[in-house]
2 protein chains.
Amino acid sequence: MINSDFALGLHSILLLAADKDACLTSSTLSSMLKVHPVRIRKVLSKMKNAGYIESKEGAGGGFFISCNIEKVTLKDIYTLTHDDLMKAKCHSCCPSCKIGVNIEKVLDIILSDADEKFQDYLEDYSLQKVLDKMQQM
Amino acid sequence: MINSDFALGLHSILLLAADKDACLTSSTLSSMLKVHPVRIRKVLSKMKNAGYIESKEGAGGGFFISCNIEKVTLKDIYTLTHDDLMKAKCHSCCPSCKIGVNIEKVLDIILSDADEKFQDYLEDYSLQKVLDKMQQM
DNA sequence: TTAAGTGTTACAAATATTGTTACAGTTAAT
DNA sequence: ATTAACTGTAACAATATTTGTAACACTTAA
């Protein structure tokens, strides 16, 4: 589900979204977020591929927002960064365990549905809405 | 959020719930779930403290269900086992970053709310309902 | 009295995450 | 055209987290 890439990516894109004309380097973001520049570039490359931001190489380059921040939501960021819900974490059961035969399927269905509710909620929050909410505090 | 303790704990308690008279040892569960007995005892001790199962020490001992499996839900299991949503994972921002001042608070609020929706869904699934759903497959 | 359990702690091993180094490619400025 | 400041990416190192192990006190049934 939510992992640290989500937090990092969201934090970064909010920084870019806060000033549409800003072009921040991974190095600048790095010192703001206390995370290594290479990792920032990795996470931001996903945002770039999704078209939410753009990057400019070379001197004076960096990252800047390139989407409608009223339309891009936390769900979109989640989609880019989330882990599979439990795929790797669900224990396989031996064949002798009758329950185990179906438990993975059933949990997969239930948890996927629950995750959908989670995402539905995230979808209500555009980047703009998050920025607004921060202003109000 | 959901971690492997959830999967492990849930799987274990479903095995116990499937047969009310069964008394399974951590060793038995261990070989079924391919997880070390000590870890199973650790996770099950939480379920025990919550009153969902009981344990019997000594020879012939083990774990057995002790709750109304129509009433205990996936949300209850989640509550016992989940990690904090992002507490440790959210990046603190330096003071110079105006956004960072509030971002943690705002994300905390939004994500807590989203998590609530997730839990609301889990609450619909009693252990009995999960077992029933497995039968139907 | 012994064998088979739980409960719990301290520690080891394995795995996953994050940081680091290195370098090719791009761009702006001189 | 050269240089300095960037991105993009891969391979590897360091760190943190998770999981497994060993040890042992305590409990219970046979």
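The model shown is predicted, which means the values in this text are computed figures rather than measured ones. A, B, ... follow the sequence lines: proteins, then strands. Residue 1 opens every chain.
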Subject >> Nearest-nucleotide 5' precedence on DNA chain C, Arg41(B) against His36(A) >> reply: Arg41(B)
**OP:** Kindly say whether, by distance alone, the side chain of Arg39(B) makes a donor-acceptor pair under 3.5 Å with the base of dG20(D)?
**Re:** no
**OP:** Give the rounded distance in Å between these two atoms: NZ of Lys48(B) and P of dT27(D).
**Re:** 12 Å
Subject >> Distance in angstrom units between Ile40(B) CD1 and dT8(C) P, rounded >> reply: 16 Å
Original post:
For Tyr121(A), which residues count as a side chain to side chain donor-acceptor pair (under 3.5 Å) partner, sequence neighbours excluded?
Top reply: Asp113(B)
Subject >> All pairs passing salt bridge (Lys or Arg N to Asp or Glu O under 4.0 Å) where residues 127-137 of chain A contributes a residue, at least two apart >> reply: none
Subject >> With sequence neighbours excluded, residues passing ring-ring contact (aromatic ring centres under 6.0 Å, His included) with Phe64(B) >> reply: none
**OP:** Give me the residues of residues 54-64 of chain B where at least one heavy atom lies under 4.0 Å from an atom of DNA chain D, by number, or none.
**Re:** Glu57(B), Gly58(B), Ala59(B)
Original post:
Roughly how far apart are Leu80(A) CG and Phe6(A) CZ, rounded to 0.5 Å?
Top reply: 10.5 Å
Original post:
Taking only N and O in the side chain of Ser26(B), is any of them less than 4.0 Å away from OP1 or OP2 of dT6(C)?
Top reply: yes
Subject >> Selection from dG5(C), dT18(D), dT18(C) that lies nearest to any side-chain heavy atom of Thr25(B) >> reply: dG5(C)
**OP:** Just call it for Ser27(A): base, sugar-phosphate, or nothing, with non-hydrogen atoms closer than 4.0 Å on any strand.
**Re:** nothing
Original post:
In whole angstroms, how far is the P atom of dA5(D) from the CG atom of Leu24(A)?
Top reply: 18 Å
**OP:** Return yes if some donor-acceptor pair links the side-chain N/O of Lys34(A) with the main-chain N/O of Ser31(A) below 3.5 Å, else return no.
**Re:** yes
Subject >> Nearest-Å distance for atom pair CG/C1', residues Leu44(B) and dT8(C) >> reply: 15 Å
**OP:** Rounded to the nearest angstrom, tell me the gap between atom CG in Leu29(B) and atom P in dG20(D).
**Re:** 14 Å
Original post:
For residues 66-78 of chain B, which residue pairs qualify under salt bridge (Lys or Arg N to Asp or Glu O under 4.0 Å), counting only residues two or more places apart or in two chains?
Top reply: Lys75(B)-Glu123(B)
Subject >> Minimum-distance nucleotide to Val35(B) side chain [options: dT18(D), dT18(C), dG20(D)] >> reply: dG20(D)
**OP:** Would you kindly give the CZ-to-P distance between Phe6(A) and dT17(C), to the nearest whole Å?
**Re:** 17 Å
Original post:
When the distance from NZ of Lys42(A) to P of dC12(D) is rounded to whole Å, what number comes out?
Top reply: 13 Å
Original post:
What residues, two or more places apart in sequence or in another chain, satisfy salt bridge (charged side-chain N to carboxylate O under 4.0 Å, His left out) together with Lys46(A)?
Top reply: Asp5(A)
Original post:
What's the CG-C1' distance between Asn3(B) and dT18(D), to the nearest Å?
Top reply: 10 Å
